[in-house]
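Below is one structure; the comments refer to it alone.
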Amino acid sequence: MTLRLYDTAHSELRPFEPREPGVVRMYNCGPTVYSSPHIGNFRSFLTADLLRRHLEARGMNVVQVMNITDVGHLTEDDLDDSGEDRMLIAARREKLDPYAIARKYESEFLAAVDALHMRRAQEYPRATDHIPEMIEIIQGLVANGHAYVVGGNVYYSIASFPRFGKLSGKVIEELEEGARIAVNPEKRDPRDFALWKTDDKHLMQWDSPWGRGFPGWHIECSAMSRKYLGDQFDVHTGGEDNLFPHHECEVAQSEAFTEKVPFVGTWLHTRHLLVDEKKMAKSLGNFLTIEQLLGEGWTGHEIRLALLRVHYRMPMNFSRTGLGESRAFLTRIQECRARLLRIAHGQEAAGTDDATIVLRDAESAFGEALDDDLNIAKALAVLSGLVSDVNAMQPSVESAQNALALFRRLEDWCGCVGDEPDVAAEVGGVLWGGKPDDPRRQSLLDKTAEREAARKSKDFQAADRLRDEITAEGFKIVDTPRGPRLEPL
RNA sequence: GGCGGCGUAGCCAAGUGGCUAAGGCAACGGAUUGCAAAUCCGUCAUCCCCGGUUCGAAUCCGGGCGCCGCCUCCA
């Protein structure tokens, strides 16, 4: 089975074939860095990360580019009473200049990327570093008749591009009806969109053939994808809201400029998530950031899994309950792997069961699930079945090692399996499952030995009291035929 | 007004014409344990409603109801 992806442009599942065999060029619509990235942004970014990992697991070489939008995109509607855009408002609110704001939130974004175990893209181009590339395309569009200049402004002419609306399935004639854009008399058609604008009040300005101004809202992606991936590339991802007008405009700009079709092979759009059944909004107080969740004590893997475990095209509700379920899922895998490690290290009796077939079938089913339009829910079910199968076995040392290797491969494949637990250390008949350098290690081991002695003399009251003390230190004590084991709670 | 998506057990969620409707969490019964934890075994749904097509539908068609998204900066 080969990978099939749902391509928005065709509204159907299609076999995925990169233009150049073995190499996938992918562009992801990235964050706008004038505020903290929120978990909704990351559902989209994580979908891209999962696709990248799966392609790499399938032996592809993936060139991934994610833009950093650091230009406040100004439209007529963006303007508030004082004529400022959002970047400006943020700058004033935080008493920083707009570049400083952008850098601050860019760092925050990248920190979250790492925290969620996402692979770093090869490039994170900033819009403000690519003004000349944008100007080049705008000039080309003016020259070939797809754009026109009015004063210091340049507009894209929808009428010049008959395919406009094809990607999103919009009927252009009907767009007008619902449009809430104020009529701009400069435009030949109200649906034309800006490529370059002049506005004295805009803080970020650059020289251009049309005077000092700033780029329109869609041109950066056309310019930066072209620079790093070429005129045509394989995958373009984004949130569902990007479909129209943003991606539609990108297609119009890029295809009209390069005269190469198609601009993008596969369009992938991630659905918005809801938080506690409602759309996430600052006004509702349900606006969640990665930083915030990490602060609540959730791990990167838990957050990642909670955001990724529902198929990317399905509506998804994000909640603390969901995070808790993710934690339980990961803990179950950890327990399984810890036992395998003990067997592999001779700390627990090995059996004679051969896991070869179970492991092979699980790995194969896991890959097939992801081949099916990144069906992560199905893949996680396979993973869960693997845990059950392995738990029911008495594996040989070799099978335990092979199973451990498979878990590591699957973590590499989807990032939702978690890290391998620390190898327990045997100290004086007690298995220590905590960090090797935990300062409390000796005192906890002593206390465990003391409890063991109490148990042997049937003084269970004393034994339970000692266990409570150990629990209070954040460790649980597990009795096994080979002796007690200490594990972090 | 236009376009689109979703509705499966207490919760999350697979399954797009056909053996007994995956899997996880929770719950319950049992094994194991000094008691626990973990683990194992077992129990737990006829698929929003109505009508139709079919030998046969959660799966296809029509009509409802409900929730959501895009059409405007937004992942």
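Just so it is clear: chains get the letters A, B, ... in the order the sequence lines come, proteins before strands, and each one is counted from 1.
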Have a look at [X] and say if it touches a base, only the backbone sugar-phosphate, or nothing, with a 4.0 Å heavy-atom cut-off.
X: A:His246; value: nothing
X: A:Leu273; value: base
X: A:Ser384; value: sugar-phosphate
X: A:Ser388; value: sugar-phosphate
X: A:Glu325; value: base
X: A:Thr32; value: sugar-phosphate
X: A:Ile477; value: base
X: A:Gly238; value: sugar-phosphate
X: A:Asn391; value: sugar-phosphate
X: A:Arg455; value: base
X: A:Val310; value: sugar-phosphate
X: A:Arg320; value: nothing

Would you measure the distance from the [atom1] atom in [N] across to the matching atom in [M] and give it in whole Å?
N: B:C3; M: B:U8; atom1: C1'; value: 27 Å
N: B:G52; M: B:A57; atom1: P; value: 12 Å
N: B:G5; M: B:G10; atom1: C1'; value: 26 Å
N: B:U39; M: B:C47; atom1: C1'; value: 33 Å
N: B:G24; M: B:C50; atom1: C1'; value: 34 Å
N: B:A14; M: B:G42; atom1: P; value: 25 Å
N: B:U53; M: B:C61; atom1: P; value: 15 Å

[X] [atom1] to [N] [atom2]: how many Å, rounded?
X: A:Leu307; N: B:C12; atom1: CG; atom2: P; value: 16 Å
X: A:Met316; N: B:G5; atom1: CE; atom2: P; value: 21 Å
X: A:His272; N: B:C71; atom1: NE2; atom2: P; value: 9 Å
X: A:Arg4; N: B:U16; atom1: CZ; atom2: P; value: 10 Å
X: A:Asp459; N: B:C35; atom1: CG; atom2: P; value: 16 Å
X: A:Leu486; N: B:A37; atom1: CG; atom2: P; value: 17 Å

Indicate the ring-plane relationship of [X] and [Y], choosing parallel, tilted or perpendicular according to the 30° and 60° boundaries.
X: A:Phe233; Y: A:Tyr27; answer: tilted
X: A:His236; Y: A:Trp267; answer: parallel
X: A:Phe287; Y: A:His38; answer: perpendicular

N/O donor-acceptor pair, side chain [X] with base [N], under 3.5 angstrom:
X: A:Arg271; N: B:G69; answer: no
X: A:Asp464; N: B:G34; answer: yes
X: A:Asn242; N: B:C74; answer: no
X: A:Arg327; N: B:G24; answer: no
X: A:Arg467; N: B:C35; answer: yes

Can you confirm whether more than 12 heavy atoms, excluding those of A:Gln461, are under 6.0 Å from its CD atom? no

State, without any angle test, whether A:Glu12 and A:Tyr6 hold a side-chain donor-acceptor pair at a distance under 3.5 Å. no

Side-chain N,O (A:Asn317) to OP1/OP2 (B:C67) below 4.0 Å: no

